*Asks:* 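Structure in structure tokens, see below.
Each chain gets a letter, A, B and so on, in the order its sequence line appears, and its residues count up from 1. Being a predicted model, the structure only gives us computed values, none of them experimental.
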Number of protein chains: 2
Amino acid sequence: MVSMKDVARSAGVSVSTVSNVLNRPDYVSAANRIKVLDAITRLGYVRNNAARQLRDGRTRTVGLVVLNIANPFFIDVIRGVEETLHRAGLSVILCNSDGQPLREESNVEMLEEQQVEGVLISPVDPGSAWLAKLGDRGVPIVLLDSRADGSGQCSVSVDDVLGGRLAASHLLEQGHERLVYVSGPPLLHQVTERREGVLAAMTEAGVPADRLTVIECSELSFGAGCDAGERLLGIRPRPTAVICANDLLALGVLQVMFANGVSVPGDVALVGYDDIDFAAGSAVPLTSVRQPRYELGQTAATLLLHEVDDGPDEHEHQQIVMSPELVVRASSSPAHAGWSRSQSPWSRSQSPWSRSQSPSVRR
Amino acid sequence: MVSMKDVARSAGVSVSTVSNVLNRPDYVSAANRIKVLDAITRLGYVRNNAARQLRDGRTRTVGLVVLNIANPFFIDVIRGVEETLHRAGLSVILCNSDGQPLREESNVEMLEEQQVEGVLISPVDPGSAWLAKLGDRGVPIVLLDSRADGSGQCSVSVDDVLGGRLAASHLLEQGHERLVYVSGPPLLHQVTERREGVLAAMTEAGVPADRLTVIECSELSFGAGCDAGERLLGIRPRPTAVICANDLLALGVLQVMFANGVSVPGDVALVGYDDIDFAAGSAVPLTSVRQPRYELGQTAATLLLHEVDDGPDEHEHQQIVMSPELVVRASSSPAHAGWSRSQSPWSRSQSPWSRSQSPSVRR
DNA sequence: TAGCCGCTATGTATCGTTACATACGGGACG
DNA sequence: CGTCCCGTATGTAACGATACATAGCGGCTA
């Protein structure tokens with residue numbers, strides 16, 4: 001472990017001079033600067049961050065805790081956050097709570113011990129006591145994809161009730177009346193709010209609430225979606241449309257529908273949520289509710305920056321709510337659905353890649 | 001900023017006693033222990049990690065630098081690493097180099113300043129000078145998904161030449177002779193080795209090397225795959241089979257094939273790499289080369305643990321190479337491909353979800 | 001020639017925590 | 001009754017980097 005003292009000795013100067021070379025190079029004569037820089041590379045010296053931040057209190061680091069790193073939705077959020085904060089000279093410590101309150105708590109505890117200057121978090125439970133504690137201690141917090149109730153905190157979220165309503169209205173307009181909502185962990189307000197939106201749309205359309213069946217999944221993943229698909233098969237009377245709490249669930253459901261010979265959207269219409277890249281490229285291109293993912297991260301990071309810079313007193317908290325947008329594709333719309341049935345538009349002669357041109361596959 | 005001194009004053013004891021309560025509670029009388037714990041919660045004290053690690057040199061933290069966090073392949077690798085290291089009481093700082101040597105370098109620099117006790121890295125370029133420097137400074141390194149050339153480092157990788165060979169042999173056996181390899185950035189040895197495997201298989205099968213066309217992508221992403229798909233359409237004479245450097249590219253290619261009326265596998269067979277969850281659930285279930293992702297992370301973490309514990313002198317470096325496995329699905333195999341054409345097995349009466357039972361979709 | 005100024009270089013206290021050495025007080029034993 | 005020892009509590013010196021105050025040195029001016 002080579003320290004400034006070693007560099008100083010090796011260069012024949014004092015530690016102060018070494019420090020000056022690193023932090024205020026113009027205070028040092030050219031000769032000494034060269035000697036010091038030379039010694040640094042020769043000994044392979046690296047700054048000790050712990051000592052630095054102990055000395056001057058600032059860490060220039062913030063924490064980012066996401067709900068589920070396996071969800072492509074959060075990947076774009078992360079990108080938005082990191083790019084914004086790096087531009088401002090802050091480092092980001094990325095944590096994954098994986099939807100588990102315990103992991104979330106231990107993550108935040110760790111971040112606090114690291115003396116982060118702020119925390120961006122998509123909380124499992126936004127009302128948890130220790131989250132409030134964290135705020136009381138003076139650590140700036142911005143809720144990500146979650147709405148702060150009072151005005152005591154900043155938050156950036158997307159209107160999930162609206163999203164649910166968009167998805168459901170779209171299906172109701174096409175005459176569907178037996179809906180299924182494939183939900184996630186009830187602790188996640190996102191998924192319950194989306195369900196509320198679905199119910200609101202049904203009420204508006206005059207469809208009784210008991211026409212909605214809810215399947216609950218323990219997590220928002222492809223695997224959980226497959227399980228939900230299996231359960232879906234057993235529901236009587238058959239639903240004609242399915243709304244999933246996110247695209248991963250929807251892709252899992254879609255997979256099981258295929259495996260069991262259920263046509264989408266022929267037998268059942270399917271709508272996802274998030275509009276991840278794979279949604280467009282799946283077995284049947286997936287209708288989905290698009291969220292401004294990158295902007296979500298970007299905006300949250302900007303709010304945090306303001307709060308960090310303004311200081312705790314002078315800061316005015318903001319609750320920003322963004323709007324989602326429905327993207328209609330084949331999975332919910334007969335008009336787009338041609339190709340998933342036998343009347344596929346390109347399985348005929350007009351294919352630009354006709355069979356006669358390409359050597360046929362032997363076997 | 002409340003410190004031990006404040007806690008001590010408030011509890012009417014010395015800082016040493018506070019420290020003892022936290023680190024060796026049995027050395028302290030019950031009365032004082034209670035007074036101290038009480039003061040801690042009352043003041044909202046949190047340990048200052050910087051001071052701690054400055055004091056005793058150890059950080060119990062390692063760095064993990066992945067190539068691309070948007071790739072589901074790495075998500076499982078990360079999981080394997082984190083679970084293994086957390087069990088051993090180490091924290092993990094997760095970094096994303098995004099395939100950019102510059103970002104990689106700045107990440108590692110940061111990790112070094114944080115005094116991490118080791119680094120797990122899937123390097124952009126395993127031969128880079130600064131990676132060697134890092135090792136020279138005594139920081140244990142384990143290469144992830146990359147093979148160490150000499151025996152000077154630990155590494156865990158998967159045999160990419162074999163993977164490429166498996167993919168190509170499978171296609172050649174079915175009579176394909178005009179292949180395309182959709183490659184990634186040439187800097188990534190994984191993608192070049194997979195190509196070598198493809199060529200090796202062609203040589204074995206007596207197919208001349210000029211029957212392989214290579215399309216190069218700037219990154220391994222869904223979007224780049226779409227671009228590759230467009231370029232694919234222009235190639236003459238038509239290839240009959242496509243191997244992609246990873247599944248994200250393959251899904252992008254698949255999407256464009258569909259949009260342009262090219263049947264998969266009818267007109268062109270498609271093979272991906274990684275076997276991510278979405279591979280099985282895509283428009284045409286994707287044949288893919290499966291890698292032991294979780295085990296890769298787990299094994300690498302275990303190696304790092306050993307190196308950290310053994311100390312730099314007593315440690316014996318290991319280069320572990322795992323084997324990939326071909327998973328055949330519809331995208332490359334007429335036998336599996338029924339449903340993607342008009343003779344879909346479930347679009348007929350045997351559907352468990354027959355149209356007569358479900359209310360038909362009105363408009 | 002004395003005094004002063006500016007330019008560099010250095011000494012030193014400090015951040016918060018911890019381990020170790022030391023101090024203190026009461027009980028037990030000789 | 002003195003001594004020793006054990007169980008607690010406390011004082012203190014680090015860890016490495018930094019900012020600030022101060023010191024030295026040469027040259028310039030009055």
Side-chain angles (χ1 to χ4, degrees), chain A residues 1-40 43-61 109-117 137-139, chain B residues 1-40 43-61 109-110 112-117 137-138:
Chain A
M1 179 80 281
V2 32
S3 79
M4 269 197 175
K5 205 148 49 172
D6 304 309
V7 174
R9 187 164 353 140
S10 166
V13 297
S14 71
V15 283
S16 300
T17 300
V18 178
S19 170
N20 283 335
V21 168
L22 262 43
N23 303 304
R24 293 112 86 192
D26 34 327
Y27 280 32
V28 181
S29 68
N32 273 349
R33 192 163 42 218
I34 289 168
K35 277 197 287 183
V36 168
L37 291 175
D38 186 60
I40 285 179
L43 302 180
Y45 165 78
V46 288
R47 266 168 148 127
N48 183 328
N49 207 280
R52 277 188 98 190
Q53 77 184 49
L54 173 60
R55 166 62 219 214
D56 67 36
R58 320 216 55 182
T59 57
R60 302 266 79 195
T61 294
E109 214 163 82
M110 183 272 282
L111 290 174
E112 248 190 305
E113 295 190 352
Q114 300 289 340
Q115 321 290 119
V116 292
E117 298 187 15
R137 294 217 186 87
V139 181
Chain B
M1 179 76 281
V2 31
S3 78
M4 271 197 176
K5 204 147 52 173
D6 304 309
V7 174
R9 188 162 353 135
S10 165
V13 297
S14 71
V15 283
S16 300
T17 301
V18 177
S19 172
N20 283 335
V21 168
L22 262 43
N23 303 305
R24 293 112 86 191
D26 34 326
Y27 281 30
V28 182
S29 69
N32 273 349
R33 193 162 41 216
I34 290 169
K35 278 196 290 184
V36 169
L37 290 174
D38 187 60
I40 285 178
L43 302 180
Y45 166 78
V46 288
R47 266 171 151 127
N48 183 326
N49 207 280
R52 272 189 104 189
Q53 77 184 48
L54 173 59
R55 165 64 218 209
D56 66 38
R58 319 215 55 181
T59 58
R60 302 265 81 195
T61 294
E109 215 163 81
M110 184 271 281
E112 249 191 304
E113 295 191 352
Q114 300 290 340
Q115 320 290 120
V116 292
E117 299 187 15
R137 293 216 186 86

*Asks:* Separation of B:Asp6 atom CG from C:dC15 atom P, in whole Å?
*Replies:* 11 Å
*Asks:* Nearest heavy-atom pair of A:Ala51 and B:Leu54: which atoms, and what distance?
*Replies:* CB-CD1, 3.8 Å
*Asks:* Figure out the CG/P separation between A:Asn20 and D:dG16, and round it to whole Å.
*Replies:* 20 Å
*Asks:* Can you tell me the distance, in whole Å, between the CZ atom of A:Arg58 and the C1' atom of C:dG16?
*Replies:* 18 Å
*Asks:* Taking only residues two or more places apart in sequence, or in another chain, which ones meet A:Ser16 in a side-chain hydrogen bond (donor to acceptor under 3.5 Å, both in side chains)?
*Replies:* none
*Asks:* What integer distance in Å separates A:Met1:CE from D:dG16:P?
*Replies:* 7 Å
*Asks:* Taking the axis from the first five pairs and the axis from the last five, what angle separates them in the helix from C:dT1-D:dA30 to C:dG30-D:dC1, rounded to 10 degrees?
*Replies:* 70°
*Asks:* With the threshold set at under 4.0 Å for non-hydrogen atoms, list the residues of residues 23-32 of chain A touching DNA chain D in residue-number order.
*Replies:* A:Asn23, A:Arg24
*Asks:* Using the side-chain hydrogen bond (donor to acceptor under 3.5 Å, both in side chains) criterion, which residues pair with A:Arg9? Sequence neighbours excluded.
*Replies:* A:Asp6
*Asks:* Which residues pass the side-chain hydrogen bond (donor to acceptor under 3.5 Å, both in side chains) test with B:Ser14, not counting sequence neighbours?
*Replies:* B:Thr17
*Asks:* I need the CZ-P distance between A:Arg9 and D:dG16, as an integer number of Å.
*Replies:* 11 Å
*Asks:* In whole angstroms, how far is the P atom of C:dT10 from the NZ atom of A:Lys5?
*Replies:* 16 Å
*Asks:* Atom pairs under 3.5 Å, N or O on each side, protein against nucleotides 21-23 of chain C: can you list them with distances?
*Replies:*
none

*Asks:* Could you check how far CE of A:Met4 sits from C1' of C:dG11, rounded to whole Å?
*Replies:* 15 Å
*Asks:* Quick one: list whatever passes side-chain contact (heavy atoms from CB on, under 4.5 Å) with B:Thr59, sequence neighbours left out.
*Replies:* B:Gln53, B:Thr61, B:Gln115, B:Glu117
*Asks:* Side chains of residues 24-32 of chain A: which donor-acceptor pairs under 3.5 Å do they make with residues two or more places apart or in other chains?
*Replies:*
from, atom 1, to, atom 2, distance (Å)
A:Arg24, NH1, A:Asn20, OD1, 3.4
A:Ser29, OG, A:Asn32, N, 3.4
A:Asn32, OD1, A:Lys35, NZ, 3.3

*Asks:* Quick one: side-chain contact (heavy atoms from CB on, under 4.5 Å) partners of B:Ala39, sequence neighbours excluded?
*Replies:* B:Val7, B:Ser10, B:Ala11, B:Arg42
*Asks:* Categorize B:Asn48 for me: base, sugar-phosphate, or nothing, with a 4.0 angstrom heavy-atom threshold over every strand shown.
*Replies:* sugar-phosphate
*Asks:* My understanding is that only residues two or more places apart in sequence, or in another chain, count here; which of them pass side-chain contact (heavy atoms from CB on, under 4.5 Å) with A:Glu112?
*Replies:* A:Leu134, A:Arg137, B:Val46
*Asks:* For nucleotides 11-13 of chain D, tabulate all protein N/O to nucleotide N/O atom pairs closer than 3.5 Å, reporting atom names and distance.
*Replies:*
from, atom 1, to, atom 2, distance (Å)
D:dG11, N7, B:Ser16, OG, 3.0
D:dG11, O6, B:Ser16, OG, 2.9

*Asks:* Starting at CG of B:Asp56 and ending at P of C:dG16, how long is that distance when rounded to a whole Å?
*Replies:* 17 Å
*Asks:* Can you list the residues that meet the side-chain hydrogen bond (donor to acceptor under 3.5 Å, both in side chains) rule with B:Ser19, with sequence neighbours excluded?
*Replies:* B:Asn23
